Structures are given as structure tokens and as C-alpha cells.
Protein chains: 2
Amino acid sequence: MSNQQTRTTARLREMILNGAFAPGERITESALASALGVSRTPVRLSLSVLEREGLVSSEPNRGFRVEAYSIGDISDAIDVRGTLEGMAARLVAEDGLAPHTAAALEDCLEIGERIIAKRAITPGDASDFGEMNGRFHKTIIEACNNKALENGLDLTHKMPFVEPAVIAIHDTIDGQQQMMVAQHQHRLIFDALENGEGARAEALMREHANVSKQALNVIGASIESGEHSAPPSLRLVTS
Amino acid sequence: MSNQQTRTTARLREMILNGAFAPGERITESALASALGVSRTPVRLSLSVLEREGLVSSEPNRGFRVEAYSIGDISDAIDVRGTLEGMAARLVAEDGLAPHTAAALEDCLEIGERIIAKRAITPGDASDFGEMNGRFHKTIIEACNNKALENGLDLTHKMPFVEPAVIAIHDTIDGQQQMMVAQHQHRLIFDALENGEGARAEALMREHANVSKQALNVIGASIESGEHSAPPSLRLVTS
DNA sequence: CGCCTAAATATTGTATGCAATATCCTGGTC
DNA sequence: GACCAGGATATTGCATACAATATTTAGGCG
């Protein structure tokens, strides 16, 4: 995808997730185009992308509407991610853990270990942990060589808070605890993969996705209590 | 989606699945547009849709290429469908089978029963069975009210032979047997749903997807042996 | 006053044009 | 002969124009 195109899609996605449109509201392409300072062409493309992500819907000759959208939908998407990643883990375990995959995962484990071992955890650490977490998951997914699986997971990742990397954004106690739990689960998952325990790997991976759900709850609660201002892509959780 | 737009996408998808392009071949929009008798605009839109389906890929300013694509990829997509539908079945069982859902499923069971009971099965029966099968699956999926799940499954359905309705296209012994197996599995799945047996429903539904895989194998074999000419969307299985 | 009808308006769907970028071809150099 | 530079060509990305289709509005009728 081209540069301008990508930016327009990202901006539009953020607008929708931020609640810039009422649920069910019709989107007129020309208005949106002038609002974003581009022509209708990239807007149209973007809307079609977002339709695939389920953020808008369209009818022939009648344009696009924004879909109603709740925090429950995000939670549902996390469930789907957990299920698909569980499948991925099972496949990897059953097919045998390839050496370079094992090495990549062990690298992730080691990084996590170092972060957890620290007494005081800085925001930078949390961000590093998130990056590592994303890589851990990505490594397992790509090890499957299953295009349909990757496509399906890519779809879920388009929703806010669903991608594994957004774990533990806060420097709160909850965030620390979630990191420690996640790290522990990573170790167990790796063990299952190494030993070819498919069913166990699947179950662990599924459960692992609940960490993201907990993070989602923490964020939702902190916003509702007015404790935090809502950064981009967060306002929707209050609706 | 508009009419012309939809047709172009469908034609293009069929062309790619039929092997009209070599794997990795670059697609020039203008050539394709004139070949299809439309302008570049709908072609561009269509290519972007197909990119999300994984049939083509794109790089900024460098256009689209068709993705290499094998029968294994279809099989993989069926696995993903089985996993997601298994999740759907589990959710329905856990949340409790709503009366109207149960009624719709029972209707499907009855139709299947009537078809199976016949001694000689006509092509029309096979087609009816496929339609019923599609409805059975759709009913369970929609009963979840999980958008991400529906979106993910929609994605897999874009691949040929993955959608449940394409079961048992042949009037062969294999086709009959597959219908009977599918019908039996439907009964078991319904039983599990009715009794709230989530894990059982999930396992059954997952296994149920293998019927599609068997059908895929039958079709693949019959084409390789030259026994059948390849209808649209079938030539790819020989590659 | 409500409802139907039809013109006026707005919006989408498609085609086309132009600038930016990539690809290819030609000629030269080592 | 292989490799590199630079211009010619082709292709993409975006904007705009126009036709087809929806939506709105105004007016007439019961």
C-alpha cells in the first residue's frame, strides 16, 4: 500500500475508533475527503479496507455506514486471537519446533527474564516487554506457514488492544503483574512446544490471550473513573 | 459493494484461482482493465480486496503480484475454518442454545434426514444438501454474535472449497458417504449444543471440517486423473 | 393536515488525466 | 563481454470529471 493511502486508512480507523462518528452514521466520501485534505479516491480505498475490518459496512450505491462497536467486540476479537494462536501453537508443537524458531523464542524468553528481574520497571521496560511479546507471538504464528491463519490473525490485530504488543502499557502494579504472568506463560508455552505437547500448547496459548483481556479491563476502568485522559483509540471504551 | 465492482472482483478472483497468472507474476492494472473491459478504478479496488484475501500482494508504487498458491493453502484454510467454527460451537453450547437457533438447526437436521433417506440421490439432492449444510454452519456462527469471529470466517470462505456449502458436489459414492457422515456429525453437534457440552461441541465441529478436506481430496484426485474437466476455480488444484 | 409524486439536489460509481515513481533500454566504459 | 549511467518508457497514485443512482424537497391532491 502506498504512503498516502496507508495514512488515510490509519487516520480514518482512528477517527472511527475514537467515536468521531455516531454508530450507524452514514459517511459521505466527499465530506470526509475534504476533511482529510485528500481526494475521494484514497478515501474510498480506505473505506473498503475498513469494511473488511468490520468497522464500516456498505450497500451498493448507498455508501458506507460506521458499524456500532463496543468494548465487548474487542473482547470477542481477543477470544478469536486466542483461539487462532492456540491453533498455531498446537501446529508448531505437532510439527516439531524448528531450531531457528526455538532460538527466536528463547531469545524472547531471555529478554523477558531480564526485564522481570529488575526491581523498578521503567516505562521503557514495559515498552520493550511489549515488543518482545509481539515477537514471541509472531514467531509462533509464522512458524506454521499457514497463510489463512496469518490472514485471520492479521484481521483481529487491526482492532485496538488486540495485538499482543499492547500488553502492559501502564506502569501500575497491574501492569507489572501482567508482565510476570505473561512471562511465566511464555515459559510454559515454550516447554510445551519443545516437548511436542500440542494440546497443552494450545490450551496455554488460549489462556494466555486473557492477559490482554485483563489489560483491556484495567484500561477501561481507569478511563471510566476519569483517572486517565483517553489517548487516541481509547475513547470508544467508554461508550 | 457496487455491481460492476463486485463482478470485477469475482471475475478476477476466479481468474487467479484458475491459474490465469503465473505465481509471482506482476499484474499491470491497465492491461487487466482493458482485458476486462473496465477502467482502472474498479480493477484497483478489486485488487485491494483480493489482497486482503491473500490472493495478491502489493508493494508501494510497485503494484500487485499474484501470490503463489497451492492446494495445501486451501487445506490450511479449512483447518482455520474448523478451528473457528469449533470456537463458535463451544460458545453457543456455553451460552445456551436459544430456542430460535435450535429450531433453525432442527430444520436443517430434518432436511438432511429426508435427503439421506432416499435410495437414489440426484444432483439436485446433493445441491440441496450443500445449501442445508451452509445454513447449519451459518446458524451456529451467527448465534455467537461475535463480529471478529464472523469476519475471520468470512475471510476463509473466500477460498474455493472452504465454504461448507461446497460439500459433496459429486454424485459419486464418496459424495454420498460424505453426506451421510456430515449428517451424522450434525446430529452429534446439535446434541452437544443442546446439552451445553462446550468442549464436545468444539471437538465435533473441528472434526466436522475434515469432511471438506476429504471432498477436496476427491476432487483433486479426479482432476489429476483427467476423469473430470476442471470447472471454474478448480484448475488450481492441479498445480 | 397527511400523503403521494416529481423535480431538484446530493452522493456514489466509473472513467480519465496528470504528476510521481519505477522499470526498461540504450550507449558507453572498463 | 559485463557492468554502470542516464534518458525513454511504462506504471502507479491521486485528483478530477461525468454519468447513474439515491435522497431530499417542494408542490399538488385527497
Side-chain angles (χ1 to χ4, degrees), chain A residues 1-16 19-69 151 154 158, chain B residues 1-16 19-69 151 154 158:
Chain A
M1 289 277 154
S2 98
N3 210 344
Q4 162 113 5
Q5 171 59 27
T6 308
R7 257 184 327 203
T8 302
T9 306
R11 286 179 64 187
L12 193 46
R13 186 187 296 119
E14 208 166 281
M15 283 174 73
I16 293 174
F21 307 92
E25 181 180 344
R26 181 164 174 185
I27 297 183
T28 61
E29 299 170 3
S30 45
L32 194 55
S34 58
L36 294 176
V38 296
S39 87
R40 277 178 54 215
T41 309
V43 168
R44 220 172 145 62
L45 245 320
S46 294
L47 283 169
S48 119
V49 170
L50 296 179
E51 180 177 23
R52 182 58 82 182
E53 294 176 19
L55 292 183
V56 302
S57 60
S58 75
E59 282 180 282
N61 291 320
R62 306 182 76 186
F64 293 87
R65 291 184 179 282
V66 307
E67 283 283 300
Y69 191 94
N151 289 339
D154 281 347
K158 293 295 179 351
Chain B
M1 289 273 157
S2 101
N3 211 341
Q4 162 111 6
Q5 170 60 26
T6 308
R7 259 184 326 204
T8 302
T9 305
R11 285 178 65 187
L12 193 46
R13 186 189 294 120
E14 210 166 279
M15 284 174 72
I16 294 174
F21 307 92
E25 180 180 344
R26 180 165 175 186
I27 296 182
T28 61
E29 297 170 5
S30 45
L32 194 55
S34 57
L36 294 177
V38 296
S39 85
R40 278 178 52 215
T41 308
V43 168
R44 219 172 147 64
L45 249 315
S46 294
L47 284 169
S48 121
V49 170
L50 296 178
E51 178 176 23
R52 275 160 260 146
E53 293 177 18
L55 291 182
V56 302
S57 61
S58 76
E59 283 180 282
N61 291 320
R62 305 181 79 187
F64 293 87
R65 293 184 178 282
V66 306
E67 282 284 300
Y69 191 94
N151 289 338
D154 281 347
K158 291 298 181 339

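Remember, predicted model here, so these are calculated numbers, not experimental data. Both backbone and side-chain heavy atoms feed into the values below; hydrogens, waters and symmetry mates do not. In what follows, chains are A, B, ... by sequence order, proteins preceding strands, each numbered from 1.
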In whole Å, I'd like the distance from the [atom1] atom of [X] to the [atom2] atom of [N].
{"X": "Leu45(A)", "N": "dT16(D)", "atom1": "CG", "atom2": "P", "answer": "17 Å"}
{"X": "Asn61(B)", "N": "dA20(C)", "atom1": "CG", "atom2": "P", "answer": "12 Å"}
{"X": "Gln4(A)", "N": "dT12(D)", "atom1": "CD", "atom2": "P", "answer": "18 Å"}
{"X": "Phe64(A)", "N": "dT11(C)", "atom1": "CZ", "atom2": "C1'", "answer": "12 Å"}
{"X": "Arg40(B)", "N": "dT16(C)", "atom1": "CZ", "atom2": "P", "answer": "12 Å"}
{"X": "Leu36(A)", "N": "dA15(D)", "atom1": "CG", "atom2": "P", "answer": "11 Å"}
{"X": "Glu29(B)", "N": "dT14(C)", "atom1": "CD", "atom2": "C1'", "answer": "15 Å"}

## Note on the structure
Looking only at dG13(C), dT12(D), dT16(D), the nucleotide nearest the Thr41(A) side chain is dT16(D)
### Query
With respect to the side chain of Ser39(B), which nucleotide from dT12(D), dA15(C), dA22(D) is positioned closest?
dA15(C)
### Task
Using the closest heavy atom to pick a nucleotide of DNA chain D for each, name whichever of Val38(A) or Arg65(A) lands nearer the 5' end.
Val38(A)
### Task
Give a yes or no on whether the backbone of Arg44(B) and the side-chain of Ser48(B) come within a donor-acceptor separation of less than 3.5 Å.
no
### Task
Please check if the side chain of Ser46(A) supplies one atom and the backbone of Thr9(A) the other of a donor-acceptor pair under 3.5 Å.
yes
### Query
Want to settle it: does Arg26(A) or Arg62(B) sit nearer the 5' end of DNA chain C, counting the closest nucleotide to each?
Arg26(A)
Looking at every strand, decide which applies to [X] at a 4.0 Å heavy-atom threshold: base, sugar-phosphate, or nothing.
{"X": "Thr28(B)", "answer": "sugar-phosphate"}
{"X": "Leu47(B)", "answer": "nothing"}
{"X": "Leu32(A)", "answer": "nothing"}

### Task
Would you indicate whether the side-chain heavy atoms of Arg65(A) and Phe21(A) approach each other to under 4.5 Å?
no
### Task
Compare all side-chain heavy atoms of Lys158(A) with those of Val49(A) and state whether any distance is below 4.5 angstrom.
no
### Query
Is any side-chain N or O of Arg44(B) closer than 4.0 Å to OP1 or OP2 of dG13(D)?
yes
### Message
With side-chain contact (heavy atoms from CB on, under 4.5 Å) as the criterion, how do Leu55(B) and Glu67(B) come out once you've worked through the C-alpha distance, each side chain's angles and the decisive distance to 0.1 Å?
### Response
CA-CA 5 Å; Leu55(B) 291 182; Glu67(B) 282 284 300; 5.9 Å; no
